[in-house]
Amino acid sequence: MPGFDTKMLTKHGGLIALAVLLLINIAITPNFLQLQTLFVNISQVATIAIVAVGMTLVIATAGIDLSVGAVMAVAGALAPLIFLSEFAQAYPTLGLAASIVVPILVALLCGLFNGVLVAYLGVQPIIATLIFFISGRGIAQVLTNGNLQTFSHPGFSYLGTGKILGLPFQGWLVLVIAIVFFYIVNRTMFGRRILAVGGNEKAAKLTGTPVRRVKTGVYVISAGLSGIAGLIVVAINSASDAARIGNLMELDAIASAVVGGTLLMGGKAPIFGAVLGAVIIQLVKYTLLANGVADEVALIAKAGIIVLAVYVQQGRKE
Amino acid sequence: MQPLLKMQGINKSFAGVAALTSAELEIAPGEVHAVIGQNGAGKSTLIKILTGVYRKDSGDITFEEKSWNALSPREAQDNGIATIYQELSLVPLRSVTENVIMGYEPRTKLGLIDWKAAHKRTREILADFGIHIDVTQPLGSFSTAIQQLTAIARAVSLNSRLVIMDEPTSSLDDREVETLFGVVRGLKARGVSVIYISHFLDELFHICDRATIMRDGQTVAVREIAHTTKLGLIADMLGRDPEEIAAAGMTELGGGERERGEVLLEATNLHTDRMLRDVSVTVHKGEIVGLGGLLGSGRTEAARAIFAMDRLRGGSVKSATKGSAFSDPAEAIRAGIGFLTEDRKAEGIVPEMSVRENMTLALLPRLVKGGTIDRTKEEEIVNHFVKALGIKLAHIEQPIRELSGGNQQKVLLARWLALEPDLLILDEPTRGVDVGAKFEIQAIIQEYVEKGVGVLLISSEFEELVEGADRIVVLQDGKSVSELQNPGITEESLIGAIAQSHDTPTDGAAA
């Protein structure tokens, strides 16, 4: 069973890469083994990992979602508008709740737009999501008049700076999201159907799978998770810059999913693989930056990882 | 006259299985020559060897009195053999001119493409075929027939001596077919030979001079079309004696009617965009109804229409639970119908998924408890069917793609049996599986029929239909033309019914 062996290899490949990265860092990166380093990495990887989970589901249906960064920007731009409004000043608790719930609802609507384009109108996923990729960030900037919104709001900032049991809140959030979606993929009918649609759409349809609803569903989920990630970015920075939030996130998310073992032709949704992929990509970035290598070089390294991951995937297919 | 092409003693095997055994083909100059045979008879393998897609294992090919061994389709084309495939190998978004002259563009003195000359030349080429269109328009803006004719025009403009047409009329309407025939006759008049591959035997009598009939990888007969009949061709294709077929005919009809249960499904006058014109079939509890007919008669399309894979344009489907046609496969499944498709790989298995996941795909809604799949129940069901159907595997978590064809087919059969269906539509249930698995699958089907399941059986193997079915509805050109009743059906009588309904397509239309 050659397929099985290489599968094991790929699985361990990710973990081995992680171990190697950790050892290299311990050896050469100054102050690597400090809590502060861990916190920085967790807070930076969290948004990538959250978006990557949604991206994994979309790719599992043989789709792709380029709009994740733009959706983050919309959600991230909306939140301060709400909690800085007069309404929120009058009713702080309600205002805070609305500043989290409303942006996520709006994000879900963005996902519905993508999903309808792909599943009901038959637009190719890359084009369908390109529409919002372009327009979404524009919408976010129009909402804020292109201004940088800075704020001091301890309640909202908890999303980005809060700690539970000494670890960053968003780290726990990633864990919860990953567990929930792992369960959905492996234990629910919806999850099974995602894999069936991606694995063989015709067969899925013939066995009564509501292919369109499943496809719409994954784009809605992806957008919803992107919305959450957008809120976290804003909370970390205590500022919202619609031009920057989630910039190039689609690439990081796709890369994480691929490094995590998601097949681009669909049919596989390794949720924890995607989280691991996000961690690896974050660690590579961090290793290079912490050792004084320029950001541009880090980009090249990231591309190298993707090439390697795709290569391993191709090997597995044979 | 020397033949234009002579293929002799051609042998070819794939992975040790013989596809051609000493096959032969001889084409005279200016001849329209049909190559016919059942699926898997070796027609396309023989043609692909000629056009350089495959290499022959042994044998001789002479083309224009020279030894011939094309190493690539391009080389065949350059040496005068052009192939028009079913799927056109043209570029729909580019202009007609570009498609016709592609690779052979006239140049100006500066080395640029001389568009004026190119358009003129294209117009001339097409005018020869009686086509007068704006050649500067994208090819894709014209009908399939025009596109097909453009492909032929291109082939002829390249000074082809032999044009191969593979199912050229399958996507054409009647009027377009006439135009195509005109072109074929035009080719013939210029001394170009044509190899004409078609499942529609009627067409051969309109335009072909001779027919080479293949069966089981061998050339079994070469007939002058003028001196044969459709019955004769069918007899050759199937390896039967035509007189026997004619004698058996439909005379043994109406033998003892078996006890039938209630009506499970009643499809009347089905009509779809995919070649169904008028098909009616009824299935009762506990009976196997066969759909008989040659390839292209609409058997699979009838099944797809019933299962709501194709939209109905006319006719009605009534089931025990619903008085009108299903809106989608999910609804058909809920009504207790299962559909084992013909194409196991493209429409059946989800290759990356495990045997367990593949088997329960249609069953999922019934396995869900509180939003979650009941894994214990799922594994119980899967293990039960693995045992009951004798599916050979390492583990139920093994990816289905690792199983043999026969075992994959059993898993897919189990996918529907697990639903405890009232009606199973089985499209070529034993195709491509080994003999052992075949008998096992047939036995399983029989067992469920005895329990009261109704089966609509589609099979290219007459044996399977004749021995398995209680009744056989005979289809021809998208219409149900007659019905045979068991006991009393023999292979000969079935073949006779198929052949006779070909000869008199208006007779005995099913009520």
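Every chain is numbered from 1, with letters handed out A, B, ... down the list of sequences.
Atom CE of residue B:Met353 and atom CG of residue A:Leu195 lie 4.5 Å apart, to the nearest 0.5 angstrom. Rounding to the nearest 0.5 angstrom, the gap separating the CE atom in A:Met189 from the CG atom in B:Leu363 is 10.5 Å.
Along residues 196-213 of chain A, the residues that come nearer than 4.5 angstrom to chain B, judged on non-hydrogen atoms, are A:Ala196, A:Gly199, A:Asn200, A:Lys202, A:Ala203, A:Lys205, A:Leu206, A:Thr207, A:Gly208 in order of number. Within residues 179-188 of chain A, the residues having any heavy atom closer than 4.5 Å to a heavy atom of chain B are A:Tyr183, A:Asn186, A:Arg187, A:Thr188, listed by residue number.
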- [ ] Check the pair B:Glu378 / A:Arg192 against side chain to side chain contact (heavy atoms under 4.5 Å, CB included), numbers first and verdict last.
- [x] CA-CA 13 Å; B:Glu378 182 180 28; A:Arg192 188 75 64 80; 2.8 Å; yes
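Heavy-atom neighbours of B:Arg94 CZ from other residues, nucleotides or ligands within 6.0 Å: at or below the threshold of 12. A:Ile134 CD1: more than 12 foreign heavy atoms inside a 6.0 Å radius. The environment of CD in B:Glu379 is crowded: more than 12 heavy-atom neighbours from other residues, nucleotides or ligands sit within 6.0 Å.
Across B:Gly371, B:Pro351, B:Ala346, the residue that shares the most heavy-atom pairs under 4.5 angstrom with chain A is B:Ala346. In terms of heavy-atom pairs under 4.5 angstrom with chain A, the leader among B:Ala308, B:Gly348, B:Ala332 is B:Gly348.
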Extract all donor-acceptor atom pairs below 3.5 Å that involve side chains of residues 112-125 of chain A and protein atoms in other chains or at least two apart in sequence.
from, atom 1, to, atom 2, distance (Å)
A:Asn114, ND2, A:Ser67, OG, 2.9

Contacts table for residues 385-396 of chain B: side-chain donor-acceptor under 3.5 angstrom, sequence neighbours left out:
from, atom 1, to, atom 2, distance (Å)
B:His395, ND1, B:Glu397, N, 3.1

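Neither the backbone nor the side chain of B:Arg334 comes within contact range of chain A, judged by heavy atoms closer than 4.5 Å. Looking at B:Leu419, neither its backbone nor its side chain comes within 4.5 Å of chain A, counting heavy atoms on both sides. Interface residue B:Leu361: backbone and side-chain heavy atoms are both found under 4.5 Å from chain A. With a 4.5 Å cut-off on non-hydrogen atoms, B:Lys369 does not touch chain A at all.
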